[in-house]
Number of protein chains: 2
Amino acid sequence: MDQSYAIDAFGALAHDTRLQIFRLLVQRGPAGTPAMEVGRLLDLKPSTLSGHLATLKRAGLVQAERQHREVLYAPRLQTVNGLVRFLLEDCCGGDEAACAGLAPPPA
Amino acid sequence: MDQSYAIDAFGALAHDTRLQIFRLLVQRGPAGTPAMEVGRLLDLKPSTLSGHLATLKRAGLVQAERQHREVLYAPRLQTVNGLVRFLLEDCCGGDEAACAGLAPPPA
DNA sequence: TCCTCATTTCGCGTAATCACGAAATATGGA
DNA sequence: TCCATATTTCGTGATTACGCGAAATGAGGA
């Protein structure tokens with residue numbers, strides 16, 4: 001994870017529709033969801049949806065796999081993890097004590 | 001954390017200079033860093049810096065505290081934590097097994 | 001091969017974002 | 001009070017992102 005990848009990823013998430021799409025894919029799980037179904041659930045025009053999925057894919061936040069006629073989209077949670085690590089890298093100059101309790105793990 | 005807050009936060013991080021500023025503040029720690037020092041370290045014009053700090057503050061990613069003549073900026077890591085939780089909310093439809101190993105905690 | 005469904009690419013008008021100079025405001029010292 | 005330092009606000013021109021209709025492409029099935 002470097003600066004420019006992180007910017008692409010944050011930029012991809014910084015949009016109402018794309019954030020909805022990503023969260024939907026997270027909830028749907030790793031098996032993937034057909035693009036068309038995403039569009040139907042969120043009421044999106046095909047070209048608009050396609051553009052947003054492409055943006056998310058370019059940013060490494062989702063992956064696409066063709067399954068017969070459909071394209072299944074699934075989230076890449078490793079990228080989310082990479083973003084967090086990048087953000088908190090060398091937190092408090094490496095001083096564990098100063099950092100403790102500032103960002104408790106999601107669990 | 002709701003959708004529109006998350007969008008503001010991701011949007012704030014989706015910018016080269018702002019991402020640098022935020023990471024710098026994370027590394028500097030919770031005691032805070034004077035705005036001017038941030039500007040000097042990253043070579044930013046005062047008005048540009050001020051605008052970016054305001055954006056980060058509006059997004060809840062940093063907090064500002066006046067200390068005599070200077071304004072100290074410190075990161076709010078709870079917001080980062082909130083963003084991650086929001087992103088991964090109801091991951092895999094709540095199926096722990098399907099979700100396991102997809103996003104190992106940063107630690 | 002021909003047709004249809006699923007998805008992507010292109011093009012355009014509109015709207016939001018950016019950097020930065022200049023001016024305004026806040027704070028404490030002489 | 002007057003001034004210097006630290007920071008914010010305002011205005012402007014240039015770049016970039018958005019939604020979406022129309023057309024193109026890809027992948028089976030008849």
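Proteins come first, then strands; the chains are lettered A, B, ... in the order of their sequence lines, and each starts at number 1.
Listed pair A:Thr48 / D:dC20 meets the phosphate criterion, a side-chain N or O lying under 4.0 Å from OP1 or OP2. Residue B:His68 places no side-chain N or O under 4.0 Å from the OP1 or OP2 atom of C:dT27.
When distances run from any side-chain atom of B:Met36 to the nucleotides D:dT7, C:dG21, C:dA19, the shortest one goes to D:dT7. When the nucleotides D:dG26, D:dT8, D:dG19 are ranked by their closest atom to the side chain of B:Ser50, D:dT8 comes out on top. For A:Tyr73, taking side-chain heavy atoms from C-beta onward, the closest of the listed nucleotides C:dC20, D:dG26, C:dT8 is C:dT8. Looking at the side chain of A:His15, the nearest of the listed nucleotides D:dG19, D:dA27, D:dT9 is D:dG19. Between D:dC18, D:dA27, D:dG19, one nucleotide has an atom nearer to the side chain of A:Arg66 than all others, and that is D:dA27. Side-chain proximity of B:Pro34 to the nucleotides D:dT7, D:dT8, D:dG19 is greatest for D:dT7.
Here the P atom of nucleotide C:dC20 and the CG atom of B:Leu53 are 15 Å apart, to the nearest Å. Rounded to an integer number of Å, the gap from A:Lys57 NZ to C:dT7 C1' is 12 Å. In this structure, CD1 of B:Ile7 is placed 12 Å from P of C:dT17, rounded to the nearest angstrom. Between the CZ atom of B:Arg69 and the P atom of D:dT7 there is a distance of 11 Å, rounded to whole Å. When rounded to the nearest whole Å, the span between CD of B:Glu70 and P of C:dT27 equals 14 Å. Separating the CZ atom of A:Arg18 from the C1' atom of D:dG19 is a distance of 12 Å, rounded to the nearest angstrom. Whole-Å rounding puts the B:Glu37 CD to D:dT5 C1' distance at 15 Å. Rounding to whole angstrom units, NZ of residue B:Lys45 and P of C:dA23 are separated by 17 Å.
Heavy-atom distances to DNA chain D give each of B:Ala35 and A:Thr55 a nearest nucleotide, and the one nearer the 5′ end belongs to B:Ala35. Each of A:Thr17 and B:Leu72 was assigned the nucleotide of DNA chain D with the nearest heavy atom; the assignment lying further toward the 5' end belongs to B:Leu72.
As judged by a 4.0 angstrom heavy-atom cut-off over every strand, B:Arg40 is placed among residues making no nucleic acid contact.
Under the 3.5 Å distance criterion, the side-chain polar atoms of B:Arg76 are left unmatched by any main-chain donor or acceptor of B:Gln63.
Using a 4.5 Å cut-off between side-chain heavy atoms of Ile, Leu, Val, Met, Phe, Trp and Tyr, with links allowed through other members, B:Val26 and A:Phe86 fall into the same hydrophobic cluster.
Counting only heavy atoms from C-beta outward, the side chains of A:Glu70 and A:Met36 never approach each other to under 4.5 Å.
Contact between B:Ala64 and B:Val71 at its shortest, heavy atoms only, is CB-CG1, 3.8 Å.
Ring geometry for B:Phe10 versus A:Phe10: interplanar angle under 30°, hence parallel rather than tilted (30 to 60°).
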